[in-house]
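Reviewing the structure listed below.
When a residue number appears, it is its place in the shown sequence, counting from 1. These figures come from a predicted structure and were not determined experimentally.
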Amino acid sequence: MADETRHARDCFALAQRYLGYAVGPGALPMHQALQETTLEEIVRLTVREGCIGETCAALEAAEACEATVDPDVKTVLEKIRADELRHAELAWRFVSWALTEAASTGDAQARLRRMVRAEFASAAEEVAVASVIVEGSRAPADGGFDSLPHGVVPNALLPEIRRRAMLDIVLPCAEGLLSSLAGASDQETAPVARANA
Ligand SMILES: [Fe+2]
């Protein structure tokens, strides 16, 4: 949480430098935040926002960091990239712990494994669908301005980064995690999703 606060502060500082006047966040709506309280709900949220979301965020920051020409932007993005990578690793460690140690009975563990497998599989499907939509629409560059050298990944590139994150990192890690679990049935150790290369 402290990392994300620092990222926001650093990015507002960059925005201020680009704009020439002070900008900052409004109030953060906390309504319905952190409502998940069961182990299953927290694991599901961690798969989506941690294992997948933070991995994508690390890759986006890496992509922007490589392309940026501004030394101040690069410094901020290098830090964000490293932080997001650690956040992703923490999410994977948490899900691994939940699958092996947190569920109290064999039945609960099996249920959790099935939910985690289904969550990764449905995220993989969503990414494949998003790629098709973007390819079909031939999304134009954002306002004709090339933002990537300034550290902002254009919207048109995001589905491809997300697809690569899923294919190259998330799905292989999910398969490795799920197939390594003691007590998983053959069906549970089958590939999480077919790669949409
Ligand atoms: Fe993060």
Exercise for the section: With rounding to the nearest 0.5 Å, note down the distance linking CZ in R48 to CG in L45. Expected result: 10.5 Å
Handout entry: From CE (M166) to CD (E126), nearest 0.5 Å
Key = 8.5 Å
Exercise for the section: Return the minimal non-hydrogen interatomic distance between R113 and L178, and the atom names on each side. Expected result: O-CD2, 4.1 Å
Completion exercise
A165 and C56 have their tightest heavy-atom pair at CB-SG, 3.8 Å
Exercise for the section: Could you pull out the closest heavy-atom pair between W92 and V170, with the gap in Å? Expected result: CH2-O, 3.5 Å
Fill in the blank from the handout: Nearest heavy-atom approach of A156 to P159 is O-CD, 3.6 Å
Practice task
Return the minimal non-hydrogen interatomic distance between L112 and E40, and the atom names on each side.
Solution key: CD1-CA, 3.9 Å
Exercise for the section: Group every Ile, Leu, Val, Met, Phe, Trp and Tyr by side-chain heavy-atom contacts under 4.5 Å, then state whether V152 and V73 land in the same group. Expected result: no
Practice task
Take E54 and L90, measure what side-chain contact (heavy atoms from CB on, under 4.5 Å) needs, and give me the verdict at the end.
Solution key: CA-CA 10 Å; E54 300 283 354; L90 176 62; over 6 Å; no
Problem - Salt bridge flag under 4.0 Å for residues R17 and D72 - result: yes
Completion exercise
Rounded to the nearest 0.5 Å, the CD atom of E89 sits from the OG1 atom of T55 at a distance of 9.0 Å
Problem - CZ on R9 to CG on L14, rounded to 0.5 Å - result: 14.0 Å
Handout entry: In one Ile/Leu/Val/Met/Phe/Trp/Tyr side-chain cluster, 4.5 Å: V43, L181
Key = yes
Exercise for the section: Treat each ILVMFWY residue as a node, draw an edge where side-chain heavy atoms are under 4.5 Å apart, and state whether F94 and V116 are in one component. Expected result: yes
Handout entry: Non-hydrogen side-chain atoms of K79 and C65 separated by less than 4.5 Å
Key = no
Exercise for the section: Answer yes or no: is there a donor N or O on one side and an acceptor on the other, between the side chain of T100 and the main chain of S96, under 3.5 Å? Expected result: yes
Fill in the blank from the handout: Rounded to the nearest 0.5 Å, the CZ atom of F120 sits from the CE atom of M115 at a distance of 9.5 Å
Handout entry: Plane angle bin for Y18 and H150 - parallel if under 30°, tilted between 30 and 60°, otherwise perpendicular
Key = perpendicular
Handout entry: Reported CG-to-CD distance for the pair L77 and E60, which is rounded to 0.5 angstrom
Key = 11.0 Å
Problem - Check ion pair E66-R81 (N to O, under 4.0 angstrom) - result: yes
Practice task
Following the transitive rule for hydrophobic clusters with a side-chain heavy-atom cut-off under 4.5 Å over Ile, Leu, Val, Met, Phe, Trp and Tyr, establish whether L171 and I52 coincide in one cluster.
Solution key: yes
Problem - Within one Ile-Leu-Val-Met-Phe-Trp-Tyr cluster: I161 and L148, side-chain cutoff 4.5 Å - result: yes
Problem - Within 6.0 Å of CZ in R86, more than 12 heavy atoms from elsewhere - result: yes
Completion exercise
When every non-hydrogen atom of E119 is compared with those of V47, the smallest separation belongs to CG-CG1, 3.9 Å
Exercise for the section: Kindly indicate whether the side chain of I42, heavy atoms from C-beta on, has any atom under 4.5 Å from the side chain of T37. Expected result: no
Practice task
With the side chain counted from C-beta on, respond yes when L59 and I169 share a heavy-atom pair under 4.5 Å apart, and no when they do not.
Solution key: yes
Handout entry: 4.5 Å side-chain heavy-atom contact, E63 and R164
Key = yes
Problem - Any side-chain heavy-atom pair of H87 and E4 under 4.5 Å - result: yes
Handout entry: Test: R44 and E41 ion pair at under 4.0 Å
Key = no
Exercise for the section: Kindly indicate whether the side chain of C11, heavy atoms from C-beta on, has any atom under 4.5 Å from the side chain of I80. Expected result: yes
